Trainee: 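Quick one: this structure, given as structure tokens, is what I'll be asking you about.
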Amino acid sequence: MKKIILALIAAFSLGTAGCGTLEAQISQNSDTSLEVSRAIQIFRDVLTGTAGLYVDTVDVRNITTLGINAMLSRLDPYTNYMPEVEKEDFDFMTTGEYAGIGAYIQQVDSIVYVSYPMPGSPAEKAGLLPGDAFLEVDGKDMIPSTAAKISNTLKGPVGTQVNVKIRRNGESDTRTFIITRGNVTVDQVVYRGIFGDRIGFIRLSSFTSKSADDVRRAYQELTKDGPLKSLILDLRSNGGGVLDGAIDILGMFLPKGTEVLTTKGKLPQTTQSYKTTREPVSTTLPLAVLINGGSASASEILSGTLQDLDRAVLVGSKSFGKGLVQTTRPVSYDGLLKVTISRYYIPSGRSIQQLDYSHRNPDGSVGAVPDSLTKVYHTKNGRPVRDGGGIRPDREVKDEVLSAPVYSMLGEGEIFMYARLLAKDKPKPASLKEINITDEEFDAFLKFLEDRKFEYGKMSLKALEQLKELADFEGYEERSKAAFEALQKELTPDLRKDVQKDKEQIKSLLRAALAVYYFGMEGQFAVNLESDRSIEEAVRILSTPAEYKSILSGDKK
């Protein structure tokens, strides 16, 4: 036990090879050096005393990880410690690669299903199909199970085999597959296509070390039958990732050597500028970039830089507002420290950081930068843009908000399950346009939900119950009884009544889920994009050259 504790203290103090430079920098500040030494001693004493004296067995590694991350959370949400067991997930986030079978999975209740095997993956080559339910993996029962458990079990060294027993959609007998694990690379371009008159479309899901290559490959595919007239880059709900990925994609559309970003930190090596280094594919192709509240970090670097240089029109809603840069540092026993080292500034000179973590409220909460305190900067053409609070689009399109029933249908897998049922009996259509959900099938879906005792809207009723208890405690039980009964009646979910306004949206979501069975993930995205208001606006602007030029020039006419 003592050896484990000392090892963890070593990790806590970042006592790894290569730390000499950092330790030297800390030692230059005697006050900081003293505080670090004091903190290490206190941590050592507390952990040793707790592990030795606590009445029950202490999971030292677990409480140490929790304790370190609780400490780091007081800095910002992006600075954290990852023990060795979490490094694989982090590596996947930065590279888009992992060793496994290559299948997207979906958990519904306590059963995990294949939602889609990746093209060319071991799962696809072995014959797994959308809707297959996992029963056993390597002889171990997987019902009940979770998506995380199945995922961890299916991963393993390249070249090793995993034995999977499934029940296929619509079949009573089981099937067994022996799948050889491989190196799976996830294409970060989840959809590419052409709208209208040669308007290309590329949707990027995240930024990895290979995302720029994915975008270039997608661009080449879109131009193989001729040049594009314009291009839409969809960065909505793209939470970012590797900074270099954004720089490389910027290099596709800006002259080589263009300065696109500067970072400023406490240490000299964290303050630097970044320039594009690759030959562009086009510096004149009209561009539109789609963003929303889920677009963050590298997505904001890419979209904000194109806005500042008047290289693209931004469409959608305000981005998340993450203007901080992190790096990783190895710590003892193969762990990683991910730490914020600088703030970044896009070409106009602005930072788009939304929350000020350096000035917390007395209760520990963090406030957003108010609009009254933001500063005005200017793009290359002199258009006014503001810092703080994310990237604001040039043309705002409000996000479509899911109602509580629809949100729950998606989150709990009800859409997935009903599409699975429909796929059993529907023959493969010749095209996406032939995938339809009839009114009868929609009504059957509602019956399906009722039979499964589908629930939603619990938060309002829970809050009402808490309010009722408070009213009773304060002596308002009799006078408020009728009001509470009336309000409870209004807040009690009525599925068939509540979803009527969402009928067409639900039909579209069912169509998209069904399209996976016939046309893969690309089919699902294609259906989802059919009634996309942000895409419609981007296509309209790109199809109107005068308006496109007017927006970028700052002409208010």
Side-chain angles (χ1 to χ4, degrees), residues 96 101-108 112-121 123-124 128-133 147 151 168-170 184 186-195 200-206 214 218 221-222 232-239 290 292 294 399-400 402 406-438 441-442 445 448 502-536:
I101 70 169
Y104 294 102
I105 58 178
Q106 166 90 44
Q107 179 184 341
V108 182
V112 179
Y113 301 85
V114 175
S115 59
Y116 181 61
M118 299 176 195
S121 67
E124 183 188 58
L128 290 184
L129 295 177
D132 287 347
S151 177
R168 178 139 295 168
N169 191 19
V184 179
V186 180
D187 190 342
Q188 301 305 314
V189 174
V190 294
Y191 185 76
R192 80 265 352 243
I194 293 179
F195 293 100
F201 177 87
I202 295 175
R203 181 163 191 154
L204 187 66
S205 63
S206 66
D214 293 339
E221 292 174 7
L222 293 176
I232 300 171
L233 290 176
D234 190 350
L235 302 180
R236 289 175 298 178
S237 300
N238 181 327
L290 308 185
N292 66 4
D399 292 335
E400 187 173 30
L402 298 179
V406 177
Y407 182 84
S408 295
M409 289 175 197
L410 284 170
E412 295 177 19
E414 304 295 353
I415 297 282
F416 170 84
M417 289 300 292
Y418 189 65
R420 184 173 183 266
L421 287 177
L422 291 177
K424 290 191 305 182
D425 304 319
K426 283 181 175 284
K428 181 176 180 177
S431 67
L432 286 171
K433 293 182 179 179
E434 295 183 13
I435 301 178
N436 293 305
I437 303 297
T438 66
E441 288 169 334
F442 177 77
F445 176 53
F448 168 82
D502 303 315
K503 182 176 180 179
E504 294 307 314
Q505 183 184 49
I506 294 171
K507 280 187 172 184
S508 179
L509 292 170
L510 286 170
R511 285 186 61 230
L514 192 55
V516 173
Y517 289 84
Y518 310 122
F519 302 103
M521 291 293 287
E522 294 239 335
Q524 182 180 44
F525 276 106
V527 172
N528 284 332
L529 298 177
E530 286 177 353
S531 58
D532 192 304
R533 291 178 293 183
S534 289
I535 291 179
E536 291 175 357

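Both backbone and side-chain heavy atoms feed into the values below; hydrogens, waters and symmetry mates do not. A quick note: this is a predicted structure, and the numbers were derived from the prediction, not measured.
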Trainee: Looking only at non-hydrogen atoms, find the nearest pair between Val189 and Ile202 and report the distance.
Mentor: CG1-CG2, 3.8 Å
Trainee: Going by salt bridge (charged side-chain N to carboxylate O under 4.0 Å, His left out), name the residues that satisfy it together with Lys424, two or more places apart in sequence or in a different chain.
Mentor: none
Trainee: Which residues satisfy the side chain to side chain contact (heavy atoms under 4.5 Å, CB included) test with Gln188, sequence neighbours excluded?
Mentor: Val186, Leu204, Ser205, Ser206, Thr208, Ser211, Asp214
Trainee: When you compare the side chain of Phe519 with that of Pro429, does any pair of heavy atoms fall below 4.5 Å?
Mentor: yes
Trainee: The criterion is ring-ring contact (aromatic ring centres under 6.0 Å, His included); which residues satisfy it with Phe195, sequence neighbours excluded?
Mentor: Phe201
Trainee: What heavy-atom pair brings Ala103 and Ala123 nearest, and what distance separates the two atoms?
Mentor: CB-CB, 3.9 Å
Trainee: For residues 509-531, which residue pairs pass the salt bridge (charged side-chain N to carboxylate O under 4.0 Å, His left out) check, not counting sequence neighbours?
Mentor: Arg192-Glu522, Arg511-Glu530
Trainee: Restricting to ring-ring contact (aromatic ring centres under 6.0 Å, His included), what partner residues turn up for Tyr116, sequence neighbours left out?
Mentor: none
Trainee: Do Leu290 and Ile535 have side chains that get closer than 4.5 Å, going by heavy atoms?
Mentor: yes
Trainee: Rounded at 0.5 Å granularity, tell me how far CG in Leu233 sits from CZ in Arg203.
Mentor: 12.5 Å
Trainee: How long is the straight-line distance from CG of Asp532 back to CG of Asp234, given to the nearest 0.5 Å?
Mentor: 7.0 Å
Trainee: Looking only at heavy atoms, what is the nearest atom pair of Ala513 and Ile415, with distance?
Mentor: CB-CG2, 3.8 Å
Trainee: Give the minimum heavy-atom separation between Tyr113 and Val108, together with the two atoms involved.
Mentor: CE1-CB, 4.0 Å
Trainee: Heavy atoms, side chains only, cut-off 4.5 Å: are Lys507 and Glu441 in contact?
Mentor: no
Trainee: Nearest heavy-atom pair of Ala419 and Leu514: which atoms, and what distance?
Mentor: O-CD1, 3.6 Å
Trainee: Filter on salt bridge (charged side-chain N to carboxylate O under 4.0 Å, His left out), then keep only pairs touching residues 409-420, sequence neighbours left out; what's left?
Mentor: Glu414-Arg452
Trainee: The criterion is side chain to side chain contact (heavy atoms under 4.5 Å, CB included); which residues satisfy it with Ser237, sequence neighbours excluded?
Mentor: Asn292
Trainee: Report the C-alpha separation of Leu129 and Arg168 in whole Å, then their side-chain angles, then the decisive distance to 0.1 Å, and conclude whether the side-chain contact (heavy atoms from CB on, under 4.5 Å) test is met.
Mentor: CA-CA 8 Å; Leu129 295 177; Arg168 178 139 295 168; 3.6 Å; yes
Trainee: Mind checking ring-ring contact (aromatic ring centres under 6.0 Å, His included) for Tyr418 and listing every partner two or more places apart, or none if nothing turns up?
Mentor: Phe445, Phe448
Trainee: Taking only residues two or more places apart in sequence or in another chain, which ones pass side chain to side chain contact (heavy atoms under 4.5 Å, CB included) with Leu402?
Mentor: Val406, Tyr407, Leu410, Gln505
Trainee: Using the side chain to side chain contact (heavy atoms under 4.5 Å, CB included) criterion, which residues pair with Asn528? Sequence neighbours excluded.
Mentor: Leu509, Ala512, Gln524
Trainee: Glu124: which residues meet the salt bridge (charged side-chain N to carboxylate O under 4.0 Å, His left out) condition with it, sequence neighbours left out?
Mentor: none
Trainee: Quick one: CD1 on Ile105 to CG on Leu128, what's the gap to the nearest 0.5 Å?
Mentor: 11.5 Å
Trainee: When you measure from the side chain of Gln106 to the backbone N and O of Ser115, does any donor-acceptor pair fall under 3.5 Å?
Mentor: no
Trainee: If I take atom CG from residue Leu510 and atom CD1 from residue Ile437, how far apart are they, to the nearest 0.5 angstrom?
Mentor: 5.0 Å
Trainee: For Asp502, what residues pass the side-chain hydrogen bond (donor to acceptor under 3.5 Å, both in side chains) criterion, not counting sequence neighbours?
Mentor: Ser403
Trainee: Locate the shortest heavy-atom distance separating Leu222 from Gly200; write the atom from each residue and the value.
Mentor: CD1-CA, 4.1 Å
